[in-house]
Visitor: 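Below you will find the structure I want to go over with you.
Residue numbers start from 1 in every chain, and the chains themselves are labelled A, B, ... in the order their sequence lines are given, proteins ahead of strands.
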Amino acid sequence: MEKTYNPSTIEQRWYETWEERGYFSPSNSGDKSYCIMIPPPNVTGSLHMGHGFNNTIMDTLIRYHRMKGDKTLWQPGTDHAGIATQIVVERQLEGEQKKRHDLGREKFIERIWEWKKESGGNITRQLRRLGSSLDWQHERFTMDDGLSDAVKEVFVRLYEEGLIYRGKRLVNWDPKLHTAVSDLEVISAEKNGHMWHMRYPLSNGQGHLVVATTRPETLLGDCAVAVNPSDERYKHMVGELLELPLTGRRIPIIADEEHVDPEFGTGCVKITPAHDFNDYAVWQRHRDEISISEQAHGGLINIFTIDAAIRSNEEDETNLIPEKYIGMDRYDARKQMVADLEALGLLEKVEDHKLMVPQCERSGAVIEPFLTDQWYIKVAPLAKPAIEAVENGQVRFVPSSWKNTYYEWMHNIQDWCISRQIWWGHRIPAWYDEKGNIYVGRSETEVRNQHNLDDNYPLRQDEDVLDTWFSSALWPFSTLGWPEQTERLKDYYPTDVLVTGFDIIFFWVARMIMMGIKFMGDVPFKEVYVHGLVRDSHGNKMSKSKGNVLDPIDLIDSIGLEALVAKRTTGLMNPKDAQKIEDQTRNEFPEGISSFGTDALRFTFAALAATGRDIKFDMGRVEGYRNFCNKLWNASRYVMMNVEGKDCGISGVKIGYSEPAVELERSIADRWILSRLQKTKQAVAIAIDSYRFDHAAQAIYEFTWNEYCDWYLELCKPVLNNNNTTDAAKRGTRRTLVRVLESLLRLTHPIMPFITEEIWQRVAPIAGVIEADTQEATIINQPYPTQRQSLIDEKAENEMAWVMQFILGIRKIKGEMNIPPGKPVPVLLANASESDKLFAIQHRLYLDFLARTDSILVLNSNEQEPESATALVGEMKVLIPLADLINKEAEAKRLEKEIARLQNDSGATEKKLANPNFIDKAPQMVVQKVREKLAENHKALESLQAQLAKIQQL
RNA sequence: AGGCGCGUAGCUCAGUUGGUUAGAGCGCUACCUUGACAUGGUAGAGGUCGUUGGUUCGACUCCAAUCGCGCCUACCA
C-alpha cells in the first residue's frame with residue numbers, strides 16, 4: 001500500500017469498475033426490497049452542497065440495505081425543470097440577439113434538447129463523483145417517452161373525473177416570462193414603498209372618501225370602494241356612488257366586513273378585482289351590488305397587457321382606459337397618475353410604507369395578479385386521503401415535527417394552477433376545435449376517434465405546457481414503468497423513504513403523496529426524512545450573490561485560490577459585489593481549498609447530519625475526517641505489514657465469515673477489541689436505522705481511532721514482535737487484527753465507499769472471507785456486520801479497563817512530572833488484591849510496552865512504601881519511587897489537585913446521601929450506586945491524602 | 001399575526017424515556033522525528049448547559065415565563 005492516503009487515485013477507478021460490473025443494479029435475491037427515488041435534479045444543473053448532503057444520506061442508506069441483503073434499488077433520473085431550463089436557453093439566445101419567438105416553438109424546443117444533450121450529463125457525472133450507487137441502467141428523465149405517457153394518462157384520467165378543469169381567474173402572472181406561476185413559485189420580499197391617500201369625490205357632490213393604496217395605478221381598474229359595515233364614519237354612505245378620478249366612471253360604495261379593517265389606513269379600500277386577490281374575493285361576494293351600477297365587465301376590469309403595461313382599448317369597446325396612459329409601464333403609469341391626481345387636488349398625502357412585494361422566484365419579476373384562462377387541479381378531494389395517510393402513520397415524517405407543516409398547508413390547500421405559458425415541458429393533452437370545444441385525450445388520434453372527428457376537422461392543441469411539478473408528482477411510480485404494470489412497479493412501490501429538504505415539502509412531497517394514493521392506491525413512500533440546509537461556516541445561506549458557495553467537487557478535487565476567486569466572481573447578478581467577494585474569499589481561503597476526497601466529504605456530511613438541523617459547513621471538520629481516512633489507511637497498512645504472508649489462523653478454514661478451526665489463542669486485547677467491535681456494530685445499526693448518521697459516524701470514528709488504533713494496534717505490537725509469545729498467540733492476534741479490520745471496513749463502507757473498497761480488496765482474502773484469486777469480489781455486496789452476542793466479553797472489557805487505567809496512570813505521572821515518556825520507570829504496587837497481582841503478571845507485556853515500565857514489584861502490606869508518585873487503579877496504588885526522577889513539590893501539587901477534585905465530588909455525594917428524602921424516594925438502585933461511588937471516593941481520598949502527608953513530611 | 005426550531009468549551013456540534021466527574025472534533029498549551037500514521041503520539045487547560053421561576057429526593061434533560069437568533073406560512077388595502 002502507498003504510504004499516504006491519496007483519494008484521487010482510488011476513487012474514480014473504483015466507481016468505474018463498480019458501474020461497469022453492474023453492482024448498482026438490484027440483486028434478484030433478497031426477501032425484502034428497499035427503494036429510494038432520487039429527487040431528480042435539474043437536468044442541466046450542476047451539483048451544489050445540498051445535493052452532496054442529500055445524496056450522501058441516500059447512498060449511505062442504499063449501501064447499508066444492499067449489504068443487508070435487501071433487494072435494493074436507488075432510482076436515478078433528472079428533471080426537465082421547465083422554467084429554469086427554458087430561461088437558460090433563452091439567455092443563450094439573447095447572446096445571439098434572438099428571442100424564442102424568432103425561432104418558433106419547434107426550433108426552440110429542438111435547441112433545448114440540444115442543450116440538454118450537451119450539459120445533461122454534467123449533473124449525473126457529478127453524482128457519480130459522490131460515489132452514488134444509482135441504478136444507472138434505468139435512468140429516467142421527466143420528459144422521456146415513458147414518463148410523458150404517464151403524464152398524459154394522469155391528466156386524462158383526472159380530467160375525466162372532473163378533477164382537472166379550465167377556468168378564467170386571477171393567477172400570479174410573471175410579466176417578464178409571460179406565464180402563470182403557482183403560489184409556491186412566488187416569493188415575497190419586504191420592500192420600502194409608499195401609501196398614497198387619494199380622494200374619490202362623491203357623486204352627490206357632498207365631499208369625498210379617502211382611499212389609501214400602495215398601488216395607485218390600479219385605480220383604472222377599480223369597481224367599488226369598500227368600507228366596514230360597522231364603521232360609523234361611513235356606514236350611512238353604503239350604496240352611494242363615487243366619481244372615480246381620471247376615468248369619468250362611477251363606482252359604488254359597498255360594505256364588506258371580512259376584508260375591510262376600519263383601523264387600517266382610512267378604512268376605505270379601493271376594490272380592483274382584476275388585479276388583487278383579496279379584491280377579487282370581495283368582488284365575488286358583492287357582484288350584484290357592483291353590477292347594479294352597470295359597469296362594463298361587471299366591474300372585473302383588466303387594465304394591463306401581458307407585459308404589465310397599461311392596455312389599449314382595442315380589446316373591448318368600452319373605452320375604459322384613458323388614452324393618456326395607454327402603453328405606459330405600470331410604474332410609469334403610477335408616477336403619471338399620482339402627478340395627475342395631485343394636480344387635481346385629489347392626492348391627500350403620501351406616506352412611507354413597508355410592504356411585501358411578490359416576485360417570481362425564477363425571473364425575479366414582480367408578480368402581477370392577472371386574469372387569464374388556465375388549467376387547474378381541484379386539489380381538495382386528493383388532499384383528504386393524503387392528510388389521512390400521514391395521520392394514520394402510513395407516511396411518517398422524520399423528524400415528526402414536519403408533519404405540522406404538511407398539515408398546515410394541506411388543510412388550506414388551493415386549487416393548483418398547472419398550466420404554464422412556456423414551451424419547454426409536457427404539452428397539455430387538450431385540443432380545441434374552431435367553436436372552442438375542448439377535447440382531452442392521450443393523443444390527437446385518440447381524441448378524433450373518441451369523438452368521431454375525421455381528419456379534416458380542424459383541431460388545434462393547447463399551446464400551454466404543464467407545471468414541472470406535475471410530472472415530478474408522478475416520479476415514484478412513473479419511473480418504475482407506470483401506467484404499465486411492470487415487475488419493477490410491483491417490487492419497489494411503495495418506496496421506503498424519501499430523503500429531501502424541507503423546502504420542497506409543498507412543491508413535491510405533498511403532491512407525490514396525493515398522486516400516489518390516487519393512481520397507485522398506496523402512498524409513494526413510508527417515510528420522509530427531512531434534512532436541513534447546508535449553510536456556510538457563519539450560518540449564512542450559500543448563494544452566488546453572497547459569493548459564499550462551495551462546490552462539493554472542489555472539496556473533493558481541490559481548487560486553487562485564483563480559480564476559486566474567478567468562479568465566485570463571474571456571472572454575478574450585481575457585478576459590484578465582486579470586490580467584496582474576492583476579498584472575503586482570499587481571506588477565508590488564502591491557500592485555496594485542498595483535496596479532501598469524496599470519502600472525507602461524505603463522512604463530514606454524515607457526521608454533521610443531526611436530524612432536522614441546518615448544518616454549518618465547517619472546513620475544519622472535512623479536514624479532520626480527511627485525517628481520519630488517513631488514519632484508517634495507515635492502520636490498514638500496519639495491519640497488512642503484519643499479516644500479509646503470515647499465519648493468521650485462517651488457512652484451512654472454509655472461506656467466509658466463519659469460526660476458526662486452527663489452534664489459536666486470543667489475548668485479553670483480542671477479546672476486548674472483538675467485544676468492542678460487537679457493540680460498535682450494534683450502535684451503528686441502530687443509528688442508521690433511526691437516521692442518526694451523526695451517531696453512526698461518531699461510533700465508527702471512535703471505535704477506529706480511540707480503540708482500534710490507539711489501543712489495540714499498540715497492544716498487538718508486543719505480542720507480534722516478541723520471540724517469547726507463542727505461535728498460537730501470534731495467530732490469534734493476527735487473525736483478530738485482520739478480521740476486525742475487515743469488519744470495520746464493511747461497517748464503514750456505506751458512509752465511505754471508496755477507501756473501504758480499496759483496502760478491503762487487500763484485506764478480505766487474508767481475512768479469509770473471499771478466495772485470494774477472486775476477481776469480481778466487492779465489498780459492496782458483502783454482508784453488513786451484525787452484532788455477535790458470543791463475542792461480547794464483559795470480563796475482557798473489565799480486565800482491559802484495568803490495563804488501561806494502569807497505563808494511563810503512569811503516563812499521567814510522566815506527563816505532569818516532565819519525565820520523558822520513553823524513559824523506563826520502576827513501579828511498585830501497594831494495596832494490591834489477588835486479581836491485581838495476577839493481572840500485573842499476566843499483562844506485564846502490555847504494561848512494559850505501553851507505560852514503559854522497567855520493573856513491577858508488589859509490596860506486601862507490611863512493607864514500607866518509599867516516597868513515590870502515586871496513581872490509583874481501583875484500590876491499588878501504583879507507585880513510581882521518587883528517587884531523582886520525581887520532583888516532590890510537583891507531586892504534592894499534583895496530589896492536592898486530585899484530592900481537591902475528589903473532595904469536591906464527595907461533598908456533593910455526601911449531601912445527597914444526607915437527604916432522607918433521597919434515601920426514601922429514589923430507586924434503590926440509584927441510592928446503592930451513589931453509596932458505592934462515595935465509598936470508592938473515600939478510599940481513594942484516604943489513599944491520596946496519606947500519600948500527600950508522607951511527601952510533605954520529607 | 002400564526003406555526004416550527006435553536007441558544008451546551010474560543011469555534012462547529014453530541015448529550016436517547018430526569019440519576020456520569022456534562023462529552024467529541026477543530027483550535028489552544030507543554031512534551032515527543034518510538035520501525036502504521038507529524039494528515040501523527042502523550043499529557044493538559046477550557047463550560048454556574050441564554051435568563052428567571054416552578055415540578056421533583058434529584059433538572060442540560062420536564063413545565064411556565066422571559067431575552068436573543070433563525071426559518072416557514074399568511075398577509076392590511
Visitor: Rounded to whole angstroms, how far apart are CE on A/M1 and P on B/G35?
Guide: 19 Å

Visitor: Going by the angle between their ring planes, with limits at 30° and 60°, are A/H353 and A/F264 parallel, tilted or perpendicular?
Guide: perpendicular

Visitor: Quick one: is A/K717 getting a side-chain N or O under 4.0 Å of the B/A36 phosphate, OP1 or OP2?
Guide: yes

Visitor: Within the structure, does a side-chain N or O atom of A/K812 lie under 4.0 Å from either OP1 or OP2 of B/G44?
Guide: yes

Visitor: Base, sugar-phosphate, or nothing for A/R626, non-hydrogen atoms under 4.0 angstrom?
Guide: base

Visitor: Within the 4.0 Å heavy-atom criterion, would you say A/F628 contacts the bases, only the backbone, or no part of the nucleic acid?
Guide: nothing

Visitor: Please report the distance separating the C1' of B/G54 from the corresponding atom of B/G18, rounded so that it comes out in whole Å.
Guide: 15 Å

Visitor: Counting heavy atoms from C-beta on, name the nucleotide in B/C76, B/A77, B/A36 closest to the side chain of A/N278.
Guide: B/C76

Visitor: If you only use heavy atoms from C-beta on, which nucleotide in B/G44, B/A77, B/U20 is closest to the side chain of A/K897?
Guide: B/G44

Visitor: Output the single nucleotide from B/C72, B/A77, B/C37 whose closest atom is nearest the side chain of A/F264.
Guide: B/A77

Visitor: Measure the shortest side-chain to side-chain distance between A/E351 and A/H194 over non-hydrogen atoms and say whether it is less than 4.5 angstrom.
Guide: no

Visitor: Suppose you measure atom P in B/G10 against the same atom in B/U48; what distance do you get, rounded to whole Å?
Guide: 8 Å

Visitor: With a cut-off of less than 4.0 Å, is there a side-chain N or O of A/K912 near OP1 or OP2 of B/C57?
Guide: no

Visitor: Regarding A/R215, tell me which of base, sugar-phosphate or nothing describes its non-hydrogen contacts under 4.0 Å with the strands shown.
Guide: nothing

Visitor: Quiz question: by atom type and distance under 3.5 Å, do the side chains of A/S230 and A/N228 form a donor-acceptor pair?
Guide: yes

Visitor: Nearest heavy atom decides the nucleotide; on that basis, is A/S401 or A/D694 closer to the 5' end of RNA chain B?
Guide: A/S401

Visitor: Looking at every strand, decide which applies to A/G267 at a 4.0 Å heavy-atom threshold: base, sugar-phosphate, or nothing.
Guide: base

Visitor: Any side-chain N or O of A/R692 less than 4.0 Å from the OP1 or OP2 oxygen of B/A14?
Guide: no

Visitor: If you only use heavy atoms from C-beta on, which nucleotide in B/G19, B/C57, B/G41 is closest to the side chain of A/W705?
Guide: B/G41

Visitor: Is there a side-chain contact between A/I615 and A/R535, using heavy atoms and a 4.5 Å cut-off?
Guide: no

Visitor: Regarding A/P923, tell me which of base, sugar-phosphate or nothing describes its non-hydrogen contacts under 4.0 Å with the strands shown.
Guide: base

Visitor: Quick one: on RNA chain B, does A/T405 or A/A635 contact a more 5' nucleotide (nearest heavy atom)?
Guide: A/A635

Visitor: As a test of understanding, state which of A/E217, A/E368, A/H275 forms a side chain to side chain donor-acceptor pair (under 3.5 Å) with A/R330.
Guide: A/E368

Visitor: I'd like to check A/I810 versus A/K814 (side-chain heavy atoms, cut-off strictly below 4.5 Å). Are they in contact?
Guide: yes

Visitor: Could you work out which one of B/C57, B/C37, B/U12 sits closest to the side chain of A/E714?
Guide: B/C37

Visitor: What integer distance in Å separates A/K823:NZ from B/C31:P?
Guide: 18 Å

Visitor: From C-beta outward on A/L808, which listed nucleotide comes closest to its side chain: B/U39, B/A43, B/G15?
Guide: B/A43

Visitor: If you measure from the P atom in B/A65 to the same atom in B/G5, how many Å do you get, rounded?
Guide: 15 Å

Visitor: Atom CG of A/L355 to atom C1' of B/A74: distance rounded to whole Å?
Guide: 15 Å

Visitor: Would you classify A/H259 as touching base, sugar-phosphate or nothing, given that sugar-phosphate means primed atoms plus P, OP1 and OP2, and contacts are heavy atoms under 4.0 Å?
Guide: base

Visitor: Looking across every strand, which nucleic acid part, if any, lies under 4.0 Å from A/C629 by heavy atom: base, sugar-phosphate, or nothing?
Guide: nothing

Visitor: Starting from P on B/C6, measure out to NE2 on A/H538 and report it in whole angstrom.
Guide: 24 Å

Visitor: Look only at the side chain of A/S400 and the backbone of A/F397, and say whether a donor-acceptor pair between them is shorter than 3.5 Å.
Guide: no

Visitor: Whole angstrom is fine here: how far is it from CG in A/N228 over to P in B/A77?
Guide: 17 Å

Visitor: For nucleotides B/U61 and B/U20, find the distance between their P atoms and express it as a whole number of Å.
Guide: 13 Å

Visitor: Expressed in angstrom and rounded to an integer, what is the separation of A/R535 atom CZ from B/U12 atom C1'?
Guide: 15 Å

Visitor: Under 4.0 Å, counting only non-hydrogen atoms across every strand here, what does A/K929 touch: a base, just sugar-phosphate, or nothing?
Guide: nothing

Visitor: Look at all strands and tell whether A/D261 reaches a base, only sugar-phosphate, or nothing, counting heavy atoms closer than 4.0 Å.
Guide: base

Visitor: With heavy atoms under 4.0 Å as the rule, sort A/M641 into base, sugar-phosphate or nothing.
Guide: sugar-phosphate

Visitor: Which listed nucleotide (B/U12, B/G35, B/A77) is nearest to the side chain of A/K616?
Guide: B/U12

Visitor: Classify the nucleic acid contact of A/A610 as base, sugar-phosphate or nothing, counting any heavy atom under 4.0 Å across all strands shown.
Guide: sugar-phosphate

Visitor: Take atom C1' in B/U34 and the same atom in B/G58, then report the distance between them in whole Å.
Guide: 48 Å

Visitor: Mind checking if A/R621 touches a base, just sugar-phosphate, or nothing, with heavy atoms under 4.0 Å?
Guide: base

Visitor: Taking the minimum atom-to-atom distance to the side chain of A/N627, which one of B/C57, B/A77, B/G40 wins?
Guide: B/G40

Visitor: Report the nucleotide, chosen from B/A36, B/G7, B/A43, that has the shortest atom-to-atom distance to any side-chain atom of A/Y638.
Guide: B/A36

Visitor: Give the rounded distance in Å between these two atoms: CZ of A/F605 and P of B/C13.
Guide: 14 Å

Visitor: Starting at atom CE of A/M542, determine the distance to atom C1' of B/G70, rounded to an integer number of angstrom.
Guide: 17 Å

Visitor: Starting the side chain at C-beta, find the nucleotide from B/U39, B/A77, B/C71 nearest to A/F502.
Guide: B/C71

Visitor: Of all heavy-atom pairs between A/Y846 and A/L715, which one has the smallest distance, and what is that distance?
Guide: CE2-O, 3.4 Å

Visitor: Using OP1 and OP2 only, check whether a side-chain N or O of A/K631 sits under 4.0 Å from B/G41.
Guide: yes

Visitor: Taking atom C1' in both B/C28 and B/C72, what distance in whole Å separates the two?
Guide: 40 Å

Visitor: Applying a 4.0 Å non-hydrogen cut-off, can you work out what A/Y5 is touching in the nucleic acid: base, sugar-phosphate, or nothing?
Guide: nothing

Visitor: Quick check, are the ring centers of A/F596 and A/Y625 under 6.0 angstrom apart?
Guide: no

Visitor: Counting any heavy atom closer than 4.0 Å, what does A/D710 reach on the DNA or RNA strands: base, sugar-phosphate only, or nothing?
Guide: sugar-phosphate

